[in-house]
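Have a look at the structure below before the remarks.
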Amino acid sequence: MTKVIIVGGVAGGMSAATRLRRLMEDAEIIVFEKGPFVSFANCGLPYYVSGEISDRDQLLVQTPERLQARFNLDVRPFHEVTNIDATNQTVTVKHDGEEFVESYDKLILSPGAKPFVPTIENLKQATNVFHLRNVPDLDKIMTHIESLHPQHAVVVGAGFIGLEMAENLTKKGIAVTVVEKAPHVLPALDEEMAIFVQNALERNGVKVITSQSVIRFEEEGKNLVLEDGQILTSDLTILSVGIQPETTLAKQAGITLGFRNGIVVDEHYETNLKNIYAVGDAIVVKHQISQEDALVSLASPANRQGRQVADVIAGLKRENKGSIGTAIVRIFDQSAAITGLSERIARNLGYDVSVVHTSGKDHASYYPGATDITLKLIFNAKTGQIYGAQGVGQKGVDKRIDILATAIKGNLTIFDLPELELTYAPPFGSAKDPVNMIGYAAINISEGLSQNIQWHELSQALENGAKLLDVRTSPEVKRGHFKDFIHIPLDQLRSRLNELDKSKTYIVSCHSGLRSYIAERLLQQEGFNVKNLDGAYSLYNIVRPKEISHD
């Protein structure tokens, strides 16, 4: 009989345990969890703060009793593994102040990650500062809220969890300020996509401060001093500046650590020590696109890894193929999602990068309730390889990014995207889905039918002598326009070509990019040197509103 010990529960550990039982009925499976809960909905924690999830018990996915009854698992909360003896294949476990030794045939480590604690002066003296990684953290925050009724909160860090906390604290009736060291919120996204989320925060009363960090706490945490000397007042502060692998135990055991102190495993999740495996947030994985080492702290990969390591131990052929980091967040009425590499990372890696933005509706525009979706595709125009994608909008973002994530995982290219046959009826989508459309747009660039220019390249191009041609209608232009432009509505362009100079370079813009592409094709075939402003006026107005006139 094989004896398997699993250190740590939640996504990776419990997926491994339950899969092992389904494959190995005669195995002895023990799960040691140092905390009180072996299986809880980590990603649901922020929504309990606002009451959107009203019952705390809904966050507790499984109990030791239910796991024993259904899977015959020996699940032991409040049991901390303090030492691993790889030679004798034993672990030392601490429980209720006493220690005991347990042997194993196979050992699976699923220690997860812990909050990264930045160096901030007087942090230890701050009594109103919290992290959020587990249910006990949540209980501390809720006790603080219910007993002291805070009026002002500061969230330090504008990543996924930080922004979810900002949203839910706001819904709780607390005035929230978000402080982010990066130049924009959601640093995983590119700037022009993240700005949609920042706008949603500000529309809902959240104050956003970027390019700043907290350097000091004063008055036991009631005052936060920023780099520029600005002082914020806070009754409740959430530190959400990132996480790091919890690898203290692994390091003590002599397990090899790698990228950012993550546990190094092979393609079968085995560490450098025989019969010791690791899964979840603590392990180093290969980014499936770049093949660079990465830490991907997401629930879906952790669950998959737990299942796969169980398969490996049971003798099935499974390999860790890596991850692409697909993630989504909802902030008030906006959703933002990403898969694969961002434009910034792809360029930093030296890839041959092309980018295209498209705007569409989550379902047929003529059917009631249609809302905007903005998609961004990062790709190689020569080979068609898709490096990554991002999306923002009120509805339907998840569907499109999931499709694009599947395309990346399946090694599809931009040339395959128009071929995808996706469900269509007016309440659900469009006959030409936004995914199909962004594929068409990317192919046009690849085949030289369109040359685009990005929003951040426009100013330099105009300084170099290019002329901006706006082909929107006159009413559209009156509602807002570029500061220096030529205006010829698209439907008049053929009859007014004599107003343009073939010795000049023209950058064409409309509202979203479709009409400007039509104008680009017309002008290109008439012998003009022309480029399409990618994302057009609508995107530029979002990212650079101060450069837009509304007179």
Side-chain angles (χ1 to χ4, degrees), residues 1-34 38 73-76 79-94 99-113 245-286 291 293-296 301-323:
M1 182 176 66
T2 302
K3 183 176 181 180
V4 181
I5 289 179
I6 301 173
V7 181
V10 199
M14 293 316 303
S15 291
T18 53
R19 176 65 170 173
L20 268 172
R21 176 57 72 222
R22 293 193 294 272
L23 297 175
M24 302 173 67
E25 178 60 28
D26 61 345
E28 181 181 2
I29 304 171
I30 303 174
V31 181
F32 291 126
E33 168 58 51
K34 69 177 180 180
V38 73
L73 299 176
D74 184 357
V75 178
R76 306 184 197 179
H79 282 66
E80 181 180 5
V81 175
T82 59
N83 186 65
I84 299 170
D85 183 343
T87 302
N88 295 307
Q89 296 198 168
T90 63
V91 295
T92 303
V93 186
K94 184 177 181 180
E99 288 188 339
F100 63 91
V101 175
E102 194 81 40
S103 64
Y104 66 84
D105 297 310
K106 303 287 185 180
L107 178 64
I108 302 173
L109 303 180
S110 181
E246 177 52 272
T247 54
T248 304
L249 178 65
K251 183 178 181 180
Q252 290 174 348
I255 292 173
T256 299
L257 304 183
F259 180 70
R260 295 183 180 176
N261 287 321
I263 297 172
V264 175
V265 296
D266 64 15
E267 66 274 20
H268 303 300
Y269 300 100
E270 192 167 15
T271 70
N272 62 302
L273 300 183
K274 186 175 178 57
N275 294 322
I276 300 181
Y277 303 80
V279 295
D281 293 356
I283 71 168
V284 179
V285 300
K286 291 293 184 184
Q291 291 302 306
D293 286 344
L295 298 173
V296 179
N303 276 286
R304 179 177 71 248
Q305 292 162 12
R307 180 186 175 96
Q308 288 179 339
V309 76
D311 289 354
V312 169
I313 290 173
L316 298 176
K317 292 183 178 181
R318 295 288 184 269
E319 288 188 2
N320 179 11
K321 297 180 180 179
S323 294

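Computed from heavy atoms alone, side chains included, the values below leave out hydrogens, waters and symmetry copies.
By the neighbour-count criterion of 12 heavy atoms within 6.0 Å, atom CZ of Arg22 is densely surrounded, having more than that number from other residues, nucleotides or ligands. Counting heavy atoms of neighbouring residues, nucleotides and ligands inside a 6.0 Å radius, atom NZ of Lys34 does not exceed 12 of them.
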Which atom pairs, one a donor and one an acceptor, fall under 3.5 Å between side chains of residues 4-19 and the rest of the protein, sequence neighbours left out?
| unit_1 | atom_1 | unit_2 | atom_2 | d |
| --- | --- | --- | --- | --- |
| Ser15 | OG | Ala11 | O | 2.8 |
| Ser15 | OG | Asn303 | OD1 | 2.6 |
| Thr18 | OG1 | Met14 | O | 2.9 |
| Thr18 | OG1 | Ser15 | O | 3.4 |
| Arg19 | NE | Asp311 | OD1 | 2.6 |
| Arg19 | NH2 | Asp311 | OD1 | 3.1 |

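For the atom pair CD1 (Ile283) and CD1 (Ile255), the distance works out to 12.0 Å, reported to the nearest 0.5 Å. In this structure, CG on Asn272 lies 9.0 Å from CG on Leu257, to the nearest 0.5 angstrom. The distance from the CG atom of Leu73 to the CD1 atom of Ile29 is 5.5 Å, given to the nearest 0.5 Å. To the nearest 0.5 Å, atom NZ of residue Lys321 and atom CD of residue Glu267 are 12.5 Å apart. Glu99 contributes atom CD, which lies 9.5 Å from atom CD of Glu80 (distance to the nearest 0.5 angstrom). Between atom CG of residue Asn88 and atom OH of residue Tyr104 there is a gap of 9.0 Å, rounded to the nearest 0.5 Å.
Between Phe259 and Leu295 there is a side-chain heavy-atom pair separated by less than 4.5 Å. Residues Leu107 and Leu273 have side chains not in contact (no heavy-atom distance under 4.5 Å, counting atoms from C-beta outward). When side chains are defined from C-beta on, His79 does not count as touching Glu102, because their heavy atoms never get closer than 4.5 Å.
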- Query: Under the side chain to side chain contact (heavy atoms under 4.5 Å, CB included) criterion, do Leu20 and Ile108 qualify, and how do the steps go?
  - Reply: CA-CA 11 Å; Leu20 268 172; Ile108 302 173; 4.1 Å; yes
- Message: Using side chain to side chain contact (heavy atoms under 4.5 Å, CB included), reason through Leu316 and Leu23 one step at a time and then give a plain yes or no.
- Response: CA-CA 10 Å; Leu316 298 176; Leu23 297 175; 4.1 Å; yes
- Kindly indicate, with the supporting measurements, whether the criterion side chain to side chain contact (heavy atoms under 4.5 Å, CB included) is fulfilled by His268 and Glu319. CA-CA 5 Å; His268 303 300; Glu319 288 188 2; 3.8 Å; yes
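Here the closest non-hydrogen pair linking Ala250 and Leu109 is CB-CD1, 4.4 Å. Contact detail for Val264 and Gly258: the closest heavy-atom pair is CG2-N, 3.4 Å. The shortest heavy-atom contact between Gln305 and Val279 is O-CG1, 3.6 Å. The minimum heavy-atom distance between Arg21 and Asp26, with the atom names listed, is NH1-N, 4.3 Å. Residues Lys286 and Gln291 come closest through the heavy atom pair CD-O, 3.4 Å. Residue Ala278 comes nearest to Ile263 through the heavy atom pair CB-CG2, 3.9 Å, listed as atom of the first residue, atom of the second, then distance.
Among residues two or more places apart in sequence or in another chain, the side-chain contact (heavy atoms from CB on, under 4.5 Å) test is passed with Glu28 by Met1, Lys3, Ile30. Residues passing the side-chain hydrogen bond (donor to acceptor under 3.5 Å, both in side chains) test with Glu270: none are found, sequence neighbours excluded.
Between the Thr90 side chain and the Val101 main chain, no donor and acceptor come within less than 3.5 Å of each other. Without hydrogens or angle criteria, Ser110 side chain to Gly280 main chain gives no donor-acceptor distance under 3.5 Å.
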